[in-house]
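All remarks here apply to the structure that follows.
FYI, the numbering just counts along the sequence from 1. In each ligand, atom 1 is the first atom listed, and ligand 1 is the first ligand listed. It should be emphasised that the depicted structure is a prediction, and the values quoted were computed from it without experimental measurement.
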Amino acid sequence: MAVKDAVRERGQFSSRFGFITAATGSAVGLGNIWGFPTQTASHGGGAFVLVYLVLAFLLAYPALMAELIIGRHTRSNMVSALPQLTTSPMLKIVGRATGLFGVVTASLILSFYAIVASWLMVQVPAALADIGGQGPAENWLNQPSLLRDSLFCGLFSLLTAGIVARGVTAGIERWSTRLMPALVLLILGLVGTVLTLPGAMEGLRLYLIPNFNLLTGPSLLTSAMGQAFFSLSLGVGTMLVYGSYVSKADNLPLTGAYVALIDTGIAFLAGLLIIPAMFVAQQRGIEIYNSDNTLIAGPDLILQTLPSLFNSLGFAGAFIGLIFFLLLTIAALTSSISMLEVPVTFVLEKFKISRYHATWLVASIIFSLSLLILNNFDQLFTGVIRLTTTYSQPLLGVMLCVFAGWVLHRNKLLSEISKGFAGAKTSLFWKIWPSYIRFICPLLIILMFVQNTRS
Ligand code: PHE
């Protein structure tokens, strides 16, 4: 295909199923399988689960709709989408700046996400080496080093770019429809296995029975909001760009609801896996509490407590470990392709180069950023995470709600929603969502932002 044609040809998901798997592939990631269970563990279990479920639908779903609608309406990348919603020169500048901010944020998120993904991916060959009795190889793979992390981060970035370079249908959609069903099967198999082990029921109780005394803590509320936002890939233009590939014949509010439901469902399943697994580990003599009596969370939980559990289960444990880290790698990969798609569509549409060249150019820049972070880990790693997820994502989220609710004209909004949804005008969605996205969403997000930055 000539370069010009490639640029004009924006690509479109071939079916609603294709879009749903790609969008849930983006949403379901380390945020669900790592973030949600560990946040639940550090906020006392069931109370966090309850707040999260409420917020996912009260806050994240409406914000997701804002991105999908803007994306499908403008059929553009993140930078040129927002200026198209207005005729005011001033607002066009604000829109472009917001878009650029989104592109930079998505790229920075990918630069640290690829590092975390590489820590998980390396556990797959490590488990294979364990099963195959290759002690020295297993030791090398298990021992964190700059060389190991750079190599695996490079490998993960290559996989991500390899998929994105193939385009919307032949790359993103094809791989999401292959990987997502595999992910669901793997997680169901693991939940089924762990729940039969001694100790699991104690974890299940902690996970499912809310302790309402904990509901008052402000950090619980804001953590749940941040988690919902990150989990649905909001604020950085991922869902906007994926929305720009949705057919005009699809019912957007319904499709968006499926994405939110599946994302939340898989986070819930991951909790059913990890919290009971911690208590199985405790039964086997592995420490699961920190010295201050809180449950171990974060990297220590995923990279130490759970591997100790797998080790203690002998040969079967090595297989469980293999499947667990394969699951995490798949989840990370389908999310990272959606992050890379944000800067790639911008570069290919702005500079009129082919998708192939745009992908490898952007992926190389982002990989260099990952290397920079790896080489200056203590100074950069947590800083970049905090900058992007605590500050940039909520701010961008507010801007996207404002553009969907205040800048995009109400009639255009209705006509966009009505495509593929004939009864839109009299629907409950249309009665509630427009004012919701104007007032409640921005207010809630600002509240979260202020709380998060104060803590
Ligand atoms: N939603 C992904 C996760 O849960 C992360 C993500 C954030 C993906 C922003 C794309 C954009 O891991």
Side-chain angles (χ1 to χ4, degrees), residues 20-40 52 55-56 59-61 63-64 67-68 71 77-78 101-121 156 160 163-164 172 176 179-180 183 187 223-243 256 259-271 274 298 302 327-346 362 366 384-397 400:
I20 292 175
T21 39
T24 49
S26 165
V28 174
L30 303 182
N32 301 57
I33 297 171
W34 172 324
F36 177 74
T38 55
Q39 292 258 23
T40 306
Y52 180 81
L55 288 179
L59 174 74
Y61 169 67
L64 168 69
E67 286 201 35
L68 291 180
N77 63 73
M78 176 72 175
F101 186 26
V103 168
V104 172
T105 305
S107 310
L108 285 176
I109 292 183
L110 181 53
S111 70
F112 78 75
Y113 203 84
I115 295 176
V116 180
S118 70
W119 296 338
L120 306 165
M121 193 168 75
F156 184 81
T160 307
I163 295 175
V164 171
I172 297 174
S176 302
L179 294 173
M180 288 309 285
L183 179 139
I187 197 166
S223 304
M225 281 203 243
Q227 176 60 32
F229 225 71
F230 185 76
S231 185
L232 266 179
S233 312
L234 297 178
V236 295
T238 315
M239 289 301 179
L240 186 150
V241 172
Y242 273 17
V259 174
L261 265 174
I262 298 172
D263 180 56
T264 315
I266 293 185
F268 186 74
L269 266 180
I274 288 178
I302 303 287
L327 168 81
L328 280 162
T329 308
I330 293 177
L333 186 61
T334 51
S335 296
S336 64
I337 55 180
S338 74
M339 289 175 208
L340 183 59
E341 183 65 11
V342 177
V344 165
T345 27
F346 164 61
V362 173
I366 296 178
V384 174
I385 297 183
R386 196 165 160 79
L387 178 74
T388 50
T389 59
T390 313
Y391 295 92
S392 309
Q393 261 192 302
L395 283 179
L396 282 158
L400 286 161

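Between Thr238 and Ser233, the side chains place no donor N or O within less than 3.5 Å of an acceptor N or O (distance only, hydrogens not considered).
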Review item, side-chain donor-acceptor pairs of residues 33-40, under 3.5 Å, at least two apart:
{"from": "Thr38", "atom 1": "OG1", "to": "Trp34", "atom 2": "O", "distance (Å)": "2.8"}
{"from": "Thr38", "atom 1": "OG1", "to": "Gly35", "atom 2": "O", "distance (Å)": "3.0"}
{"from": "Thr40", "atom 1": "OG1", "to": "Phe36", "atom 2": "O", "distance (Å)": "2.7"}

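At distances below 3.5 Å, at least one donor-acceptor pair connects side-chain atoms of Thr388 with backbone N or O atoms of Ile385. In this structure a side-chain-to-backbone donor-acceptor pair under 3.5 Å is missing from Tyr52 to Phe268.
Closest of all the heavy-atom pairs between Leu232 and Met239 is O-CE, 3.6 Å. Minimum interatomic distance between Ser231 and Asp263 (heavy atoms only, all atoms of both residues): OG-OD2, 2.9 Å.
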Under 3.5 Å: N or O atoms of ligand 1 paired with protein N or O:
{"from": "ligand 1", "atom 1": "1 (N)", "to": "Ser26", "atom 2": "O", "distance (Å)": "3.3"}
{"from": "ligand 1", "atom 1": "1 (N)", "to": "Ala27", "atom 2": "O", "distance (Å)": "3.0"}
{"from": "ligand 1", "atom 1": "1 (N)", "to": "Phe230", "atom 2": "O", "distance (Å)": "2.9"}
{"from": "ligand 1", "atom 1": "1 (N)", "to": "Ser231", "atom 2": "O", "distance (Å)": "3.0"}
{"from": "ligand 1", "atom 1": "1 (N)", "to": "Ser233", "atom 2": "OG", "distance (Å)": "3.0"}
{"from": "ligand 1", "atom 1": "4 (O)", "to": "Ala27", "atom 2": "O", "distance (Å)": "2.9"}
{"from": "ligand 1", "atom 1": "4 (O)", "to": "Gly31", "atom 2": "N", "distance (Å)": "3.3"}
{"from": "ligand 1", "atom 1": "4 (O)", "to": "Asn32", "atom 2": "OD1", "distance (Å)": "3.3"}
{"from": "ligand 1", "atom 1": "12 (O)", "to": "Leu30", "atom 2": "N", "distance (Å)": "3.0"}
{"from": "ligand 1", "atom 1": "12 (O)", "to": "Gly31", "atom 2": "N", "distance (Å)": "2.8"}
{"from": "ligand 1", "atom 1": "12 (O)", "to": "Tyr113", "atom 2": "OH", "distance (Å)": "2.6"}

